[in-house]
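Computed from a prediction, not measured in an experiment: that's the story for all the values here.
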Amino acid sequence: MTTTFITGANKSLGYETARRLIEAGHTVLLGARDPERGRAAADALGARFVRIDVTDDASVAAAAADIRAREGSIDVLINNAGVFGTHNPADRITAADASEVFEVNVVGIVRVTHAFLPLLRMSASPVIVNVSSGMGSFAATHDPERVEGRAVAPLYTASKAAVTMLTTQYAKSWPDVKVNAADPGYTATDFNGHSGPQTVTEGTDAIVELATIGADGPTGTLRDRHGELAW
């Protein structure tokens, strides 16, 4: 049975990803920062809750140690935790604002991946899925016909561009691990006041697809629910 750990999984895309993977037969370890919300979500889904704050070294190390003691290894790591950050216009963005966004969206992925890579390497077919965004795609954000081309969010877009580049570099570094990035697309979540036209199920299509690839699956790609994206 495939064991999958998901960060930021107590709501929205993370929660729906957990639900769908449990339905597909995965043993899901539901990671969340808030113990009360995390346990409630895990109990509702039939998952096991693992507390994790991706911005804290000790919390991430404790989560990895807990899983090593209980499950022994994982097969799939889904780095889903993320923040949008300030909605201030560009001329009011501060270094502190940037640090907040990059600490979760980029440094958090590095921190979690570093801690969990030894557990992944115990799997016969290890997989990492980083939840990125078309908002971080140079191609998409320069296309006026796409919603990403009309949005202005300097810190979020820059952080997601970094996530995709980090993904491709990890994929080159680790031929034994399938590492891909998923673009959920414009999905109705808390991030956008539930204004997105896609449902959370549609928004998790690419995440679930990449989490369930086989040994001959892709690596180093950015994909949405329709296929591979230029980045």
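Within a 6.0 Å sphere centred on CZ of Arg121, other residues, nucleotides and ligands contribute more than 12 heavy atoms. No more than 12 heavy atoms of other residues, nucleotides or ligands sit less than 6.0 Å from atom CZ of Arg33. Within 6.0 Å of CZ in Arg92 there are 12 or fewer heavy atoms belonging to other residues, nucleotides or ligands.
Taking 4.5 Å as the limit, every side-chain heavy atom of Val50 sits out of range of all side-chain heavy atoms of Leu30. Side-chain contact between Val127 and Leu210 is absent, with no heavy-atom pair separated by less than 4.5 Å. Side-chain atoms of Pro154 and Ile93, non-hydrogen and from C-beta on, do get closer than 4.5 Å to each other. Contact check for Tyr170 versus Thr219: no side-chain heavy atoms found under the 4.5 Å cut-off. At a threshold of 4.5 Å between non-hydrogen side-chain atoms, the residues Asp57 and Ser59 do not count as touching. Within the 4.5 Å cutoff, no side-chain heavy atoms of Asn10 are placed close to those of Asp34.
The two residues Lys172 and Pro175 make their nearest non-hydrogen contact at O-CD, 4.3 Å. In plain terms, the two heavy atoms of Ala211 and Val76 that are nearest each other are O-CG2, 3.6 Å. Contact detail for Gly38 and Ala32: the closest heavy-atom pair is CA-CB, 3.9 Å. Nearest heavy-atom pair, Ala230 versus Ala139, reported as atom, atom and distance to 0.1 Å: CB-CB, 3.8 Å. The two residues Gly134 and Thr141 come nearest to each other via the heavy atoms O-CG2, 4.0 Å. For the pair Leu45 and Ala18, the tightest heavy-atom approach, listed with the atom from each and the gap, is CD1-CB, 3.8 Å.
Tracing side-chain contacts under 4.5 Å through hydrophobic residues (I, L, V, M, F, W, Y), one never reaches Leu222 starting from Trp174; they form parts of separate clusters. Under the 4.5 Å side-chain heavy-atom criterion for Ile, Leu, Val, Met, Phe, Trp and Tyr, Ile78 and Val208 are members of the same hydrophobic cluster. Linking ILVMFWY side-chain heavy atoms closer than 4.5 Å, directly or via other members, places Val177 and Val112 in a single hydrophobic cluster. The hydrophobic clustering, which links ILVMFWY residues whose side-chain heavy atoms are closer than 4.5 Å, places Val28 and Phe49 together. Following chains of ILVMFWY side-chain contacts shorter than 4.5 Å, one cannot reach Leu77 starting from Ile6, and the two form parts of different hydrophobic clusters.
To the nearest 0.5 Å, atom CG of residue Leu117 and atom CD1 of residue Ile128 are 6.0 Å apart. The CG atom of Leu119 sits 5.5 Å away from the CD1 atom of Ile74 when rounded to the nearest 0.5 Å. Between the OG1 atom in Thr157 and the CZ atom in Phe84 there is a gap of 8.0 Å [rounded to 0.5 Å]. Taken to the nearest 0.5 Å, the OG1 atom of Thr2 stands 4.5 Å off from the NE2 atom of His26. Here CG of Asp97 is found 12.0 Å from CZ of Phe102. Values are rounded to the nearest 0.5 Å. Distance CG/Asp183 to CG/Leu229: 5.5 Å, rounded to 0.5 Å.
The pair Arg223-Asp205 does not count as a salt bridge, with every side-chain nitrogen at least 4.0 angstrom from each carboxylate oxygen. Here Arg48 pairs with Asp66 in a salt bridge; the nearest charged N to carboxylate O distance falls below 4.0 Å. Remark: Arg225 does not engage Glu209 in a salt bridge, criterion side-chain N to carboxylate O under 4.0 Å. Here Arg20 does not pair with Glu23 in a salt bridge; the nearest charged N to carboxylate O distance is not below 4.0 Å. Using a cutoff of 4.0 Å between basic side-chain nitrogens and carboxylate oxygens, Arg111 and Glu103 are scored as salt-bridged.
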Could you walk me through whether Val54 and Val104 pass side-chain contact (heavy atoms from CB on, under 4.5 Å), step by step? CA-CA 6 Å; Val54 302; Val104 177; 4.1 Å; yes

Stepwise, does the side-chain contact (heavy atoms from CB on, under 4.5 Å) test hold for Thr168 with Trp231? CA-CA 10 Å; Thr168 65; Trp231 54 272; 3.7 Å; yes

Pair Phe5-Asn79, side-chain contact (heavy atoms from CB on, under 4.5 Å): steps then yes or no: CA-CA 8 Å; Phe5 179 59; Asn79 285 308; over 6 Å; no

Are Thr4 and Asp75 close enough, and set up right, to give a side-chain contact (heavy atoms from CB on, under 4.5 Å), and what steps lead you there? CA-CA 6 Å; Thr4 300; Asp75 302 288; 5.7 Å; no

Run the numbers on Ser159 and Asn105 for side chain to side chain donor-acceptor pair (under 3.5 Å), then give the verdict. CA-CA 6 Å; Ser159 73; Asn105 293 2; 3.0 Å; yes

Does the pair Glu16 and Thr201 meet the rule for a side chain to side chain donor-acceptor pair (under 3.5 Å), with working shown? CA-CA 7 Å; Glu16 179 66 3; Thr201 300; 2.7 Å; yes

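At distances below 3.5 Å, at least one donor-acceptor pair connects side-chain atoms of Ser132 with backbone N or O atoms of Lys160. Without hydrogens or angle criteria, Lys178 side chain to Ser125 main chain gives no donor-acceptor distance under 3.5 Å. Counting only distance, with no hydrogens or angles, the side chain of His114 and the backbone of Val110 share no donor-acceptor pair below 3.5 Å. When atom types are taken as modelled, the side chain of Asn80 and the backbone of Val131 share no donor-acceptor pair closer than 3.5 angstrom.
No side-chain donor-acceptor contact under 3.5 Å links Glu148 and Ser137.
Remark: Glu100 engages no residue in a salt bridge (Lys or Arg N to Asp or Glu O under 4.0 Å) (not counting sequence neighbours).
A side chain to side chain donor-acceptor pair (under 3.5 Å) with Asn130 holds for exactly one of Thr113, Asn180, Thr164, Thr167; it is Thr167.
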